[in-house]
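Here's the structure, in structure tokens; my notes come after.
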Amino acid sequence: KQGETLESVAYKHGIPVETLLQANPQALDNFHVGMKLLIPSSNSGNLPAEETIVVKGDRPDSRQGDGSVVLDMGFQYVMIGDAKDLFKDFNFGVLSEVGYRYFLHHNVFVEGLLGYRYYSMWMINDASINVHNITLPIHFGAAFDVTDRFGLRPFFGPRVDFPVASRIEKGSNSESADAEIGVTLEFGLDFQFDNWGLRTRYGLGVGEYKNLNYLSIGAYVGF
């Protein structure tokens, strides 16, 4: 974890540093945050039995099989393209999501979420249209390590929103509406601190979502 050293890890598990290095020779020149270490028995200088040694993804520091709970809250804006005679260029919205991200491979992940979106659009006659959407987004992507400092990790990938419910408010009138399956290309950046982190991301809508773009900031725990 952040702030740990070879000496502190060895002391924590009650073994000499030399024994720890014997089990993890790669740590001598490449000790870094997030690295998975093999810990020999504290009452023996021998390595654990071979069947107890698990190296995920063919590398000791692989994230394969790891996951994290995602809690996200952000802002979104709606661009209405060329329809400037009906709407202003900028419309306000809120994005809120909770879900789980799981790494299928060291860099490749899948994320399942429950999302709520609200946005408000103003017409030129100052009348407003408020839209509420509840969706089940599925997000596929790839994350890449840049530096151990702050756990800087950019990620990108497509996201598909499956609609659950949608409601439109026009003045005092409110009615349910049919929502389309939406596709968004997400680009984001993780800042990891120990077992939690901050996440910022930008979504660029395509197809039925081409006018819906958003910028969000959230947190995740469990990496």
Side-chain angles (χ1 to χ4, degrees), residues 2 32-34 57 61-82 87-121 131 133-164 179-223:
Q2 188 76 34
H32 59 274
V33 174
D61 60 341
S62 175
R63 288 190 299 271
Q64 181 173 332
D66 286 348
S68 65
V69 175
V70 178
L71 305 171
D72 212 347
M73 176 69 73
F75 299 98
Q76 64 183 13
Y77 60 91
V78 184
M79 302 294 291
I80 308 299
D82 296 329
F87 298 99
K88 297 179 180 179
D89 292 337
F90 177 86
N91 298 281
F92 173 78
V94 174
L95 171 69
S96 178
E97 296 176 333
V98 60
Y100 191 78
R101 172 179 285 194
Y102 179 80
F103 275 90
L104 303 172
H105 191 261
H106 176 67
N107 296 112
V108 180
F109 65 84
V110 60
E111 192 173 76
L113 301 163
L114 173 63
Y116 166 73
R117 278 178 167 156
Y118 163 81
Y119 48 95
S120 179
M121 298 177 290
V131 181
N133 284 334
I134 298 177
T135 63
L136 292 174
I138 302 295
H139 181 206
F140 297 92
F144 301 94
D145 297 305
V146 174
T147 174
D148 287 337
R149 186 174 178 82
F150 303 120
L152 190 62
R153 183 186 303 154
F155 64 89
F156 71 93
R159 159 193 168 122
V160 182
D161 284 83
F162 296 93
V164 175
E180 301 287 342
I181 295 177
V183 179
T184 307
L185 297 178
E186 278 199 350
F187 304 87
L189 194 61
D190 286 343
F191 299 89
Q192 184 177 343
F193 306 94
D194 203 354
N195 287 325
W196 68 279
L198 297 177
R199 171 169 297 151
T200 61
R201 51 184 167 181
Y202 171 73
L204 180 63
V206 298
E208 293 293 334
Y209 273 32
K210 66 181 180 180
N211 294 325
L212 183 60
N213 305 283
Y214 58 88
L215 178 66
S216 72
I217 182 170
Y220 61 87
V221 294
F223 270 126

- prompt: Mind checking what makes side chain to side chain contact (heavy atoms under 4.5 Å, CB included) contact with Y118, not counting sequence neighbours?
  reply: Y116, S120, N130, H132
- line: P158 meets the side chain to side chain contact (heavy atoms under 4.5 Å, CB included) criterion, sequence neighbours left out, with L185
- prompt: With side chains defined as the heavy atoms from C-beta onward, is the minimum distance between E111 and F155 less than 4.5 Å?
  reply: no
message: I need the D161 CG to N133 CG distance, nearest 0.5 Å.
response: 8.5 Å
statement: The reported gap from CD1 in I217 to CE in M73 (rounded to nearest 0.5 angstrom) is 12.0 Å
message: Parallel, tilted or perpendicular: which one describes the rings of F103 and F109, with boundaries at 30° and 60°?
response: perpendicular
message: Suppose we screen for side chain to side chain contact (heavy atoms under 4.5 Å, CB included). Which residues come up paired with I138, at least two apart in sequence or across chains?
response: V110, F140, F162
- prompt: If you look at every heavy atom in A143 and N107, which pair is closest and at what distance?
  reply: O-ND2, 2.6 Å
field: Separation between OG1 of T200 and CZ of F191, rounded to the nearest 0.5 Å
entry: 5.5 Å
field: Closest contact, heavy atoms only, I181 versus P163
entry: CG1-CD, 3.7 Å
message: Ignoring hydrogens, what is the shortest heavy-atom contact between P137 and G115? Give both atom names and the distance.
response: CD-N, 3.9 Å
message: Applying ring-ring contact (aromatic ring centres under 6.0 Å, His included), can you list everything that pairs with Y102, at least two apart in sequence or on another chain?
response: none
query: Are L114 and I134 close enough that some pair of their side-chain heavy atoms sits under 4.5 Å apart?
result: yes
message: Walk me through whether H139 and E97 qualify under side chain to side chain contact (heavy atoms under 4.5 Å, CB included).
response: CA-CA 12 Å; H139 181 206; E97 296 176 333; over 6 Å; no
L95 side chain reached by R201 side chain, heavy atoms, under 4.5 Å: no
